[in-house]
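Quick notes on the structure that follows.
Counting begins at 1 with the first residue of the sequence. None of these values were measured; they are calculated from a predicted model.
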Amino acid sequence: MLNWLEHTSYVEWVNQSWGWPLALTIHAFGTATVVGFTFIIGLRLFGLFRTIPYTSMNKLVPFIWFAAACQIVSGVTLWLTKPGQYLADGMFEVKFTLVIIALVVTWYFQNTMKQEAASWEANGAVSSRGRKLVSATCLLWAAVTIGGRLTAYLGSLYLG
């Protein structure tokens, strides 16, 4: 199955044209958007950017999920070029596990933010649950980013 995936016409196009750099660029922009907006929300919840209402942070959520979808589509494209090698690479497994956990925690955090932002605004303070969840979300996406870079340098994908 993996051999078949690696030799589909789509993957041949990715490997023999501008498909690889395009997928890598989309993946990088997706990562930058998810991490950037998540950290903006995190910094706001920890007291910076006080002129931005807590409820306004919910407007960033669709951009985060669009960027995450771009990461998933481009990540699958990159994975398809060497599926067997990726699955055998420990660093990739760590990164992929972190992506799944980060997506789940992000979803949970954003639901909490949607439910509690108005009360945070009314009380002038973020709940401890909100702070814990945004901290976990930020740390997980930072770890995903680091794991992605380490996949290229510590993994076995690009040796020889």
Give a yes or no answer on whether the side chain of Asp89 reaches the backbone of Gln85 with a donor-acceptor pair at less than 3.5 Å. no

Between atom CH2 of Trp65 and atom SG of Cys70, what is the distance when rounded to the nearest 0.5 Å? 13.0 Å

Are Val73 and Val11 connected into the same hydrophobic cluster when the rule is that any two of I, L, V, M, F, W, Y join if their side-chain heavy atoms are below 4.5 Å apart? no

hydrophobic_cluster_shared for Ile72 and Val61, side chain cutoff 4.5 Å: yes

Do you know which two heavy atoms are closest between Val34 and Ala68, and how far apart they sit? CG2-N, 3.7 Å

In the structure I gave you, are the side-chain heavy atoms of Val134 and Val126 within less than 4.5 Å of one another anywhere? no

Could you pull out the closest heavy-atom pair between Ala23 and Ser74, with the gap in Å? O-CB, 3.3 Å

Validation row: Ile40, Phe37 side chains within 4.5 angstrom (heavy atoms): yes

Rounded distance [0.5 Å steps], CD in Gln71 versus CG in Leu78: 11.0 Å

Taking the six-membered ring for Trp and the full ring for Phe, Tyr or His, determine whether the centres of Trp13 and Trp18 are under 6.0 Å apart. yes

Please walk me through it: do Leu150 and Val94 pass side-chain contact (heavy atoms from CB on, under 4.5 Å)? CA-CA 10 Å; Leu150 292 179; Val94 169; over 6 Å; no

Quick note, side chain to side chain donor-acceptor pair (under 3.5 Å) partners involving residues 32-60, not counting sequence neighbours, are Thr55-Glu121

Under 4.5 Å between side-chain heavy atoms, counting indirect links through other Ile/Leu/Val/Met/Phe/Trp/Tyr residues: same cluster for Leu24 and Val14 or not? yes

Residue Phe46 excluded, over 12 heavy atoms near CZ under 6.0 Å: yes

Euclidean distance, Glu6 CD relative to Glu12 CD, rounded to 0.5 Å: 10.0 Å

About how many Å separate OG1 of Thr106 and CD1 of Ile101, when rounded to the nearest 0.5 Å? 11.5 Å

Rounded to the nearest 0.5 angstrom, the CG-CE distance for Leu60 and Met113 is 7.5 Å

For Leu2 and Gly84 the tightest heavy-atom approach is CD1-CA, 3.9 Å

Interatomic distance, CZ@Phe96 vs CE@Met91, rounded to 0.5 Å, equals 14.0 Å

Verify the cluster assignment for Ile41 and Phe49: are they in a single hydrophobic cluster under the rule of side-chain heavy atoms below 4.5 Å apart? yes

Where is the tightest heavy-atom contact between Leu45 and Gly130, given as atom of each residue plus distance? CD2-O, 4.1 Å

I'd like to know if Val144 and Phe29 are part of one continuous hydrophobic network [Ile/Leu/Val/Met/Phe/Trp/Tyr, side-chain heavy atoms within less than 4.5 Å]. no

Close side-chain approach of Trp107 to Asn111, heavy-atom, < 4.5 Å: yes

Can you list the steps and then say if Thr137 with Tyr108 is a side-chain contact (heavy atoms from CB on, under 4.5 Å)? CA-CA 9 Å; Thr137 302; Tyr108 188 68; over 6 Å; no

I want to check something: taking the side chain as every heavy atom from C-beta on, are Ile64 and Trp141 in contact at a cut-off of under 4.5 Å? no

The test is side-chain hydrogen bond (donor to acceptor under 3.5 Å, both in side chains); show your working for Tyr10 and Thr77 and say whether it passes. CA-CA 9 Å; Tyr10 177 68; Thr77 295; 2.7 Å; yes

Not counting sequence neighbours, which residues clear side chain to side chain donor-acceptor pair (under 3.5 Å) with Trp120? List them please. Glu116, Ser127

Should Leu80 and Thr8 be marked as a side-chain contact (heavy atoms from CB on, under 4.5 Å) after you check the CA-CA gap, both sets of side-chain angles, and the distance that decides it? CA-CA 9 Å; Leu80 285 170; Thr8 60; 5.8 Å; no

